[in-house]
Amino acid sequence: MSADPQQPAADWTAATATALGALLGAAVDGGQFPGGVLVAGQAGAGRTVVSRGVVAPECGDARPDEHTRYDLASLTKVLATWPLVGTAVRAGLLDLDAPLRAVLPQLPSPGGELTARQLLNHTSGLLPQTGLARYQHSGRPLIEHLCAEPLVSVPGAHHRYIDRGFILLGLLLPELLGQPLAVLADALWRGLGLDATAYGPLPRDNRLAPTEQRLRGAPRTWGIPHDPSAALLGGVAGHAGVFSSAADLAAFAEHLLAPSGPLPEWFALSRRPLVPVEPDLARGLAWIVTAKGSVAYHHGFTGTSLYLAPRTRRFVVLCTNAVYHGWDRTRLAELRARALRSLLPGD
(Lines give C-alpha, C1' and ligand atoms only; values in the text may rest on other atoms or scores of the structure.)
Protein backbone atom coordinates (compact mmCIF):
# COMPACT_ATOMS: atom_id res chain seq x y z
CA MET A 1 0.00 0.00 0.00
CA SER A 2 1.71 3.18 -1.21
CA ALA A 3 0.40 6.66 -1.84
CA ASP A 4 -1.11 7.73 -5.14
CA PRO A 5 -0.83 11.55 -5.19
CA GLN A 6 -3.67 11.73 -7.73
CA GLN A 7 -6.12 9.77 -5.57
CA PRO A 8 -8.89 12.01 -4.19
CA ALA A 9 -8.32 12.91 -0.54
CA ALA A 10 -11.54 11.30 0.69
CA ASP A 11 -10.71 8.04 -1.08
CA TRP A 12 -7.15 7.98 0.24
CA THR A 13 -8.08 8.77 3.85
CA ALA A 14 -10.88 6.19 3.90
CA ALA A 15 -8.80 3.45 2.29
CA THR A 16 -5.77 4.15 4.47
CA ALA A 17 -7.79 4.29 7.67
CA THR A 18 -9.51 1.02 6.80
CA ALA A 19 -6.26 -0.79 6.04
CA LEU A 20 -4.41 0.50 9.07
CA GLY A 21 -7.47 0.05 11.26
CA ALA A 22 -7.52 -3.63 10.39
CA LEU A 23 -3.94 -4.00 11.62
CA LEU A 24 -4.69 -2.01 14.76
CA GLY A 25 -7.73 -4.20 15.41
CA ALA A 26 -5.75 -7.39 14.90
CA ALA A 27 -3.18 -6.29 17.49
CA VAL A 28 -5.89 -5.38 19.98
CA ASP A 29 -7.84 -8.61 19.36
CA GLY A 30 -4.59 -10.53 19.83
CA GLY A 31 -4.17 -9.07 23.31
CA GLN A 32 -1.12 -7.00 22.44
CA PHE A 33 -2.52 -3.86 24.12
CA PRO A 34 -5.97 -2.58 25.20
CA GLY A 35 -6.77 -0.24 22.31
CA GLY A 36 -5.82 2.72 20.22
CA VAL A 37 -6.79 5.44 17.77
CA LEU A 38 -5.47 6.38 14.38
CA VAL A 39 -6.18 9.25 12.02
CA ALA A 40 -5.50 9.40 8.29
CA GLY A 41 -5.91 12.85 6.82
CA GLN A 42 -4.96 15.42 4.24
CA ALA A 43 -4.49 18.98 5.40
CA GLY A 44 -7.42 21.08 4.29
CA ALA A 45 -9.29 18.11 2.85
CA GLY A 46 -10.56 16.12 5.81
CA ARG A 47 -9.68 13.25 8.13
CA THR A 48 -10.85 9.72 8.86
CA VAL A 49 -10.63 8.44 12.45
CA VAL A 50 -10.54 4.78 13.43
CA SER A 51 -10.42 3.39 16.96
CA ARG A 52 -10.27 -0.13 18.34
CA GLY A 53 -10.53 -1.78 21.73
CA VAL A 54 -10.90 -0.01 25.05
CA VAL A 55 -8.92 2.72 26.74
CA ALA A 56 -7.77 0.20 29.37
CA PRO A 57 -9.38 -2.38 31.68
CA GLU A 58 -9.16 0.16 34.52
CA CYS A 59 -11.50 2.39 32.51
CA GLY A 60 -14.28 -0.18 32.17
CA ASP A 61 -15.88 -0.33 28.75
CA ALA A 62 -14.77 3.22 27.80
CA ARG A 63 -13.81 3.21 24.12
CA PRO A 64 -10.95 5.36 22.87
CA ASP A 65 -11.68 8.11 20.38
CA GLU A 66 -9.80 11.02 18.85
CA HIS A 67 -10.11 12.96 22.12
CA THR A 68 -8.66 10.26 24.40
CA ARG A 69 -5.32 11.40 25.77
CA TYR A 70 -2.21 9.24 25.56
CA ASP A 71 1.32 9.50 26.94
CA LEU A 72 3.27 10.68 23.88
CA ALA A 73 6.72 9.69 25.21
CA SER A 74 9.30 10.79 22.60
CA LEU A 75 6.77 12.60 20.45
CA THR A 76 7.42 15.26 23.11
CA LYS A 77 10.63 15.92 21.19
CA VAL A 78 8.74 17.14 18.11
CA LEU A 79 5.63 18.51 19.79
CA ALA A 80 7.35 20.64 22.45
CA THR A 81 11.14 20.95 22.23
CA TRP A 82 11.65 21.06 18.47
CA PRO A 83 9.13 23.86 17.74
CA LEU A 84 10.41 25.90 20.71
CA VAL A 85 13.97 25.58 19.40
CA GLY A 86 12.58 26.97 16.12
CA THR A 87 11.11 29.89 18.06
CA ALA A 88 14.51 30.63 19.59
CA VAL A 89 16.23 30.40 16.21
CA ARG A 90 13.72 32.75 14.56
CA ALA A 91 14.16 35.25 17.39
CA GLY A 92 17.92 35.28 16.89
CA LEU A 93 18.48 33.82 20.36
CA LEU A 94 20.05 30.56 19.19
CA ASP A 95 22.52 29.75 16.45
CA LEU A 96 22.19 26.07 15.57
CA ASP A 97 25.91 25.81 14.87
CA ALA A 98 27.28 27.80 17.80
CA PRO A 99 28.46 25.99 20.94
CA LEU A 100 25.98 25.84 23.79
CA ARG A 101 28.52 27.83 25.78
CA ALA A 102 27.66 30.84 23.59
CA VAL A 103 24.30 30.89 25.38
CA LEU A 104 25.47 29.77 28.84
CA PRO A 105 29.18 30.58 29.30
CA GLN A 106 29.32 28.61 32.55
CA LEU A 107 28.70 25.27 30.83
CA PRO A 108 31.66 22.93 31.27
CA SER A 109 33.41 20.91 28.60
CA PRO A 110 32.93 18.79 26.65
CA GLY A 111 29.16 19.32 26.47
CA GLY A 112 29.45 23.09 26.41
CA GLU A 113 31.14 22.80 23.02
CA LEU A 114 28.26 20.87 21.45
CA THR A 115 25.81 22.61 19.13
CA ALA A 116 22.04 22.59 19.06
CA ARG A 117 22.19 21.03 15.60
CA GLN A 118 24.14 18.07 16.97
CA LEU A 119 21.62 17.64 19.78
CA LEU A 120 18.69 17.81 17.36
CA ASN A 121 20.11 15.30 14.88
CA HIS A 122 21.42 12.88 17.54
CA THR A 123 25.10 13.20 16.62
CA SER A 124 26.26 14.80 19.89
CA GLY A 125 28.29 11.84 21.16
CA LEU A 126 26.66 12.20 24.58
CA LEU A 127 26.35 9.17 26.84
CA PRO A 128 23.44 7.01 25.71
CA GLN A 129 22.43 6.07 29.27
CA THR A 130 20.26 8.76 30.82
CA GLY A 131 20.81 8.00 34.55
CA LEU A 132 19.82 11.34 36.09
CA ALA A 133 19.21 10.07 39.63
CA ARG A 134 22.90 10.34 40.52
CA TYR A 135 22.65 14.13 40.25
CA GLN A 136 19.71 14.64 42.59
CA HIS A 137 20.30 16.96 45.55
CA SER A 138 23.78 17.89 44.33
CA GLY A 139 23.14 21.62 44.43
CA ARG A 140 24.54 21.99 40.91
CA PRO A 141 22.29 22.64 37.89
CA LEU A 142 21.55 19.44 35.97
CA ILE A 143 22.56 21.03 32.66
CA GLU A 144 26.08 21.52 34.04
CA HIS A 145 26.28 17.91 35.20
CA LEU A 146 25.23 16.66 31.76
CA CYS A 147 27.70 18.88 29.96
CA ALA A 148 30.54 17.72 32.21
CA GLU A 149 30.05 14.06 31.29
CA PRO A 150 32.51 12.45 28.87
CA LEU A 151 31.48 11.90 25.26
CA VAL A 152 31.41 8.44 23.70
CA SER A 153 32.12 9.58 20.13
CA VAL A 154 33.31 12.61 18.20
CA PRO A 155 30.46 15.13 17.88
CA GLY A 156 28.87 15.11 14.44
CA ALA A 157 30.43 11.80 13.46
CA HIS A 158 27.80 9.16 14.29
CA HIS A 159 24.04 9.00 14.63
CA ARG A 160 22.91 7.48 17.92
CA TYR A 161 19.31 8.05 19.00
CA ILE A 162 19.35 9.07 22.67
CA ASP A 163 17.21 11.16 25.01
CA ARG A 164 20.03 13.10 26.62
CA GLY A 165 20.39 15.70 23.85
CA PHE A 166 16.74 16.69 24.09
CA ILE A 167 16.94 16.73 27.88
CA LEU A 168 19.73 19.29 27.44
CA LEU A 169 17.63 21.32 25.01
CA GLY A 170 14.71 21.23 27.44
CA LEU A 171 17.00 22.68 30.11
CA LEU A 172 18.43 25.27 27.72
CA LEU A 173 15.14 26.65 26.39
CA PRO A 174 14.06 28.38 29.62
CA GLU A 175 17.43 30.16 29.67
CA LEU A 176 16.88 31.33 26.09
CA LEU A 177 13.19 32.21 26.23
CA GLY A 178 12.87 33.37 29.84
CA GLN A 179 10.10 31.08 31.09
CA PRO A 180 9.81 27.50 32.39
CA LEU A 181 9.53 24.81 29.73
CA ALA A 182 5.93 23.91 30.70
CA VAL A 183 4.85 27.56 30.36
CA LEU A 184 6.58 27.94 27.00
CA ALA A 185 5.05 24.74 25.67
CA ASP A 186 1.59 25.56 26.95
CA ALA A 187 1.64 28.95 25.21
CA LEU A 188 2.79 27.27 21.98
CA TRP A 189 0.02 24.66 22.09
CA ARG A 190 -2.75 27.11 22.98
CA GLY A 191 -1.64 29.33 20.13
CA LEU A 192 -2.09 26.34 17.79
CA GLY A 193 -5.46 25.38 19.30
CA LEU A 194 -4.12 22.16 20.84
CA ASP A 195 -6.31 22.22 23.93
CA ALA A 196 -5.84 18.57 24.92
CA THR A 197 -2.04 18.73 24.90
CA ALA A 198 -0.27 19.18 28.24
CA TYR A 199 2.57 18.12 30.44
CA GLY A 200 1.48 16.00 33.38
CA PRO A 201 0.70 15.05 35.97
CA LEU A 202 -2.91 14.68 34.89
CA PRO A 203 -5.86 13.32 36.90
CA ARG A 204 -6.80 9.71 36.24
CA ASP A 205 -10.03 9.21 34.33
CA ASN A 206 -11.39 7.12 31.48
CA ARG A 207 -10.36 9.75 28.91
CA LEU A 208 -6.69 9.20 29.74
CA ALA A 209 -4.96 5.94 28.81
CA PRO A 210 -2.77 4.33 31.49
CA THR A 211 0.47 2.66 30.53
CA GLU A 212 2.60 0.09 32.34
CA GLN A 213 2.41 -1.40 35.80
CA ARG A 214 6.03 -1.08 36.84
CA LEU A 215 5.79 -2.87 40.20
CA ARG A 216 3.63 -5.89 40.97
CA GLY A 217 0.78 -4.81 43.22
CA ALA A 218 1.53 -1.10 42.75
CA PRO A 219 -0.76 1.37 40.97
CA ARG A 220 -0.40 1.45 37.20
CA THR A 221 1.45 4.38 35.61
CA TRP A 222 -1.43 6.70 34.78
CA GLY A 223 -1.33 10.45 34.31
CA ILE A 224 2.41 10.61 35.00
CA PRO A 225 5.11 9.96 32.40
CA HIS A 226 6.01 6.39 31.58
CA ASP A 227 9.56 7.62 30.95
CA PRO A 228 11.49 7.43 34.25
CA SER A 229 13.79 10.37 33.48
CA ALA A 230 10.84 12.63 32.68
CA ALA A 231 9.17 11.49 35.91
CA LEU A 232 12.37 12.26 37.83
CA LEU A 233 12.31 15.77 36.36
CA GLY A 234 8.81 16.34 37.71
CA GLY A 235 7.01 15.31 34.52
CA VAL A 236 8.35 18.19 32.41
CA ALA A 237 11.31 17.40 30.16
CA GLY A 238 12.55 18.05 26.65
CA HIS A 239 12.45 14.41 25.61
CA ALA A 240 9.22 13.05 27.16
CA GLY A 241 6.36 13.91 29.48
CA VAL A 242 3.66 15.31 27.16
CA PHE A 243 0.14 13.89 26.91
CA SER A 244 -2.11 14.56 23.94
CA SER A 245 -4.91 13.22 21.77
CA ALA A 246 -5.11 11.98 18.20
CA ALA A 247 -7.22 15.04 17.35
CA ASP A 248 -4.55 17.42 18.62
CA LEU A 249 -1.79 15.51 16.82
CA ALA A 250 -3.80 15.70 13.60
CA ALA A 251 -4.26 19.45 14.09
CA PHE A 252 -0.51 19.79 14.72
CA ALA A 253 0.17 17.87 11.51
CA GLU A 254 -2.06 20.25 9.57
CA HIS A 255 -0.19 23.24 11.00
CA LEU A 256 3.13 21.75 9.86
CA LEU A 257 1.73 20.99 6.42
CA ALA A 258 0.31 24.48 5.88
CA PRO A 259 1.58 26.25 2.74
CA SER A 260 3.38 29.01 4.65
CA GLY A 261 4.18 30.39 8.07
CA PRO A 262 6.96 30.15 10.68
CA LEU A 263 6.16 26.57 11.73
CA PRO A 264 5.93 25.11 8.19
CA GLU A 265 9.15 26.93 7.29
CA TRP A 266 10.93 25.43 10.33
CA PHE A 267 9.54 22.04 9.37
CA ALA A 268 10.83 22.42 5.81
CA LEU A 269 14.32 23.21 7.12
CA SER A 270 14.17 20.39 9.66
CA ARG A 271 13.24 17.63 7.25
CA ARG A 272 16.35 18.03 5.14
CA PRO A 273 18.38 14.81 5.52
CA LEU A 274 21.50 15.48 7.62
CA VAL A 275 22.87 12.13 8.76
CA PRO A 276 22.17 8.54 7.63
CA VAL A 277 20.20 6.35 10.03
CA GLU A 278 19.76 3.19 7.97
CA PRO A 279 19.24 2.43 4.28
CA ASP A 280 16.76 4.92 2.77
CA LEU A 281 16.32 6.78 6.08
CA ALA A 282 18.13 9.81 7.50
CA ARG A 283 17.81 12.15 10.45
CA GLY A 284 16.99 15.79 9.96
CA LEU A 285 16.50 18.18 12.85
CA ALA A 286 14.62 15.87 15.23
CA TRP A 287 12.62 14.14 12.46
CA ILE A 288 13.41 10.90 10.64
CA VAL A 289 13.08 11.47 6.90
CA THR A 290 12.92 9.10 3.96
CA ALA A 291 15.75 9.17 1.44
CA LYS A 292 13.99 11.51 -1.00
CA GLY A 293 12.38 13.59 1.73
CA SER A 294 8.86 12.47 0.85
CA VAL A 295 7.92 11.56 4.45
CA ALA A 296 9.04 12.82 7.86
CA TYR A 297 8.06 10.99 11.02
CA HIS A 298 8.75 10.32 14.68
CA HIS A 299 7.77 7.61 17.17
CA GLY A 300 7.04 7.55 20.88
CA PHE A 301 8.16 4.62 23.04
CA THR A 302 4.70 4.16 24.58
CA GLY A 303 3.11 3.38 21.20
CA THR A 304 2.57 6.70 19.44
CA SER A 305 3.63 7.86 15.97
CA LEU A 306 3.23 10.85 13.67
CA TYR A 307 3.88 10.65 9.91
CA LEU A 308 3.74 13.57 7.47
CA ALA A 309 4.04 13.73 3.67
CA PRO A 310 4.66 17.40 2.75
CA ARG A 311 4.17 17.07 -1.01
CA THR A 312 0.69 15.58 -0.74
CA ARG A 313 -0.08 17.22 2.64
CA ARG A 314 -1.20 13.82 3.92
CA PHE A 315 -0.55 12.50 7.41
CA VAL A 316 -1.12 9.54 9.71
CA VAL A 317 -1.44 9.73 13.50
CA LEU A 318 -1.22 6.71 15.78
CA CYS A 319 -2.01 6.74 19.52
CA THR A 320 -1.85 3.57 21.62
CA ASN A 321 -0.74 2.45 25.06
CA ALA A 322 1.28 -0.40 23.57
CA VAL A 323 3.47 -0.66 26.69
CA TYR A 324 0.44 -1.63 28.80
CA HIS A 325 1.72 -5.22 29.09
CA GLY A 326 5.38 -4.22 29.01
CA TRP A 327 7.62 -3.19 26.17
CA ASP A 328 7.84 -5.26 23.00
CA ARG A 329 8.96 -3.49 19.83
CA THR A 330 7.23 -6.06 17.61
CA ARG A 331 3.72 -5.08 18.74
CA LEU A 332 3.54 -2.08 16.42
CA ALA A 333 6.21 -2.98 13.86
CA GLU A 334 3.88 -4.00 11.04
CA LEU A 335 1.38 -1.21 11.69
CA ARG A 336 4.10 1.43 11.75
CA ALA A 337 5.71 0.07 8.58
CA ARG A 338 2.36 0.10 6.77
CA ALA A 339 1.63 3.63 7.96
CA LEU A 340 4.92 4.79 6.48
CA ARG A 341 4.31 2.97 3.20
CA SER A 342 0.84 4.48 2.93
CA LEU A 343 2.46 7.91 2.51
CA LEU A 344 5.35 6.96 0.22
CA PRO A 345 4.94 7.74 -3.48
CA GLY A 346 3.99 4.75 -5.61
CA ASP A 347 6.61 3.05 -7.72
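When a residue number appears, it is its place in the shown sequence, counting from 1.
- With F243 as reference, L208 is the one residue of T197, L208, T76 to meet the side chain to side chain contact (heavy atoms under 4.5 Å, CB included) rule.
- The 12-atom threshold is not exceeded at CG of D61, counting heavy atoms of other residues, nucleotides or ligands nearer than 6.0 Å.
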Requested in this report: Could you check L233 against L142 for side-chain contact (heavy atoms from CB on, under 4.5 Å), going step by step and ending with a plain yes or no?
Outcome: CA-CA 10 Å; L233 291 170; L142 178 59; 3.6 Å; yes
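- Using a distance-only test at 3.5 Å, with no hydrogens or angles considered, no donor-acceptor pair links the side chain of N321 to the main chain of Y324.
- Using a distance-only test at 3.5 Å, with no hydrogens or angles considered, no donor-acceptor pair links the side chain of R271 to the main chain of T290.
- Side-chain N/O atoms of N121 and H159 include no donor and acceptor closer than 3.5 Å.
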Report task. Please step through side-chain contact (heavy atoms from CB on, under 4.5 Å) for the pair L72 and L249, ending with a clear verdict. Result -> CA-CA 10 Å; L72 295 188; L249 288 176; 4.0 Å; yes
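- With sequence neighbours excluded, no residue forms a salt bridge (charged side-chain N to carboxylate O under 4.0 Å, His left out) with R313.
- Identified under the salt bridge (charged side-chain N to carboxylate O under 4.0 Å, His left out) test for residues 280-309, with sequence neighbours left out: none.
- Every pair passing salt bridge (charged side-chain N to carboxylate O under 4.0 Å, His left out) that includes a residue from residues 117-134 is listed here, sequence neighbours excluded: D97-R117, R134-E149.
- Scored by the ring pair (Phe, Tyr, Trp, His ring centres under 6.0 Å) test, F267 finds W287 as partners (sequence neighbours excluded).
- In this structure, the side chain of Q213 engages the main chain of A218 through a donor-acceptor pair within 3.5 Å.
- Under the 4.5 Å side-chain heavy-atom criterion for grouping Ile, Leu, Val, Met, Phe, Trp and Tyr, L20 is connected to L332 within one hydrophobic cluster.
- Considering only residues two or more places apart in sequence or on other chains, Y199 meets the ring pair (Phe, Tyr, Trp, His ring centres under 6.0 Å) condition with W189.
- Two rings, from F301 and H299, have their centers 6.0 Å or more apart.
- Checked options T16, L24, T320, L23; the residue passing with L38 is L24 (criterion: side chain to side chain contact (heavy atoms under 4.5 Å, CB included)).
- Atoms CG and CG, on L173 and L84 in that order, are 5.5 Å from each other to the nearest 0.5 Å.
- Among residue pairs with one or both ends in residues 15-55, none qualify as ring-ring contact (aromatic ring centres under 6.0 Å, His included); sequence neighbours excluded.
- Residues satisfying the salt bridge (charged side-chain N to carboxylate O under 4.0 Å, His left out) test with R90, not counting sequence neighbours, are none.
- Not one N or O on the side chain of H255 forms a donor-acceptor pair closer than 3.5 Å with the backbone of L263.
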Solution key, residues 44-53 side-chain donor-acceptor pairs under 3.5 Å, sequence neighbours excluded:
unit_1 : atom_1 : unit_2 : atom_2 : d
R47    : NE     : E254   : OE2    : 3.4
T48    : OG1    : T13    : OG1    : 3.3
S51    : OG     : P64    : O      : 3.0

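- The closest side-chain donor-acceptor pair between R69 and S245, if any, does not fall under 3.5 angstrom.
- Ring planes of W82 and W266: parallel class, angle under 30° (limits at 30 and 60°).
- With D248 contributing its side chain and D195 its backbone, the two residues share a donor-acceptor pair below 3.5 Å.
- Side-chain N or O atoms of H226 include none that pairs as donor or acceptor with a backbone N or O of E212 at under 3.5 Å.
- Legend: residues meeting side-chain hydrogen bond (donor to acceptor under 3.5 Å, both in side chains) with E66, ordered by chain and number and at least two apart, are absent.
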Report task. Kindly determine whether H122 and F166 satisfy ring pair (Phe, Tyr, Trp, His ring centres under 6.0 Å), including the steps that lead there. Result -> CA-CA 9 Å; H122 297 279; F166 275 78; 5.5 Å; yes
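- In this view, H67 satisfies the ring pair (Phe, Tyr, Trp, His ring centres under 6.0 Å) rule with no residue, not counting sequence neighbours.
- Under a 4.0 Å N-O distance rule, the pair D163/K77 qualifies as a salt bridge.
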Report task. Could you walk me through whether V295 and V289 pass the side-chain contact (heavy atoms from CB on, under 4.5 Å) test, one step at a time? Result -> CA-CA 6 Å; V295 179; V289 294; over 6 Å; no
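- The salt bridge (charged side-chain N to carboxylate O under 4.0 Å, His left out) search around R101 returns E113, not counting sequence neighbours.
- R216 pairs by the salt bridge (charged side-chain N to carboxylate O under 4.0 Å, His left out) definition with nothing, not counting sequence neighbours.
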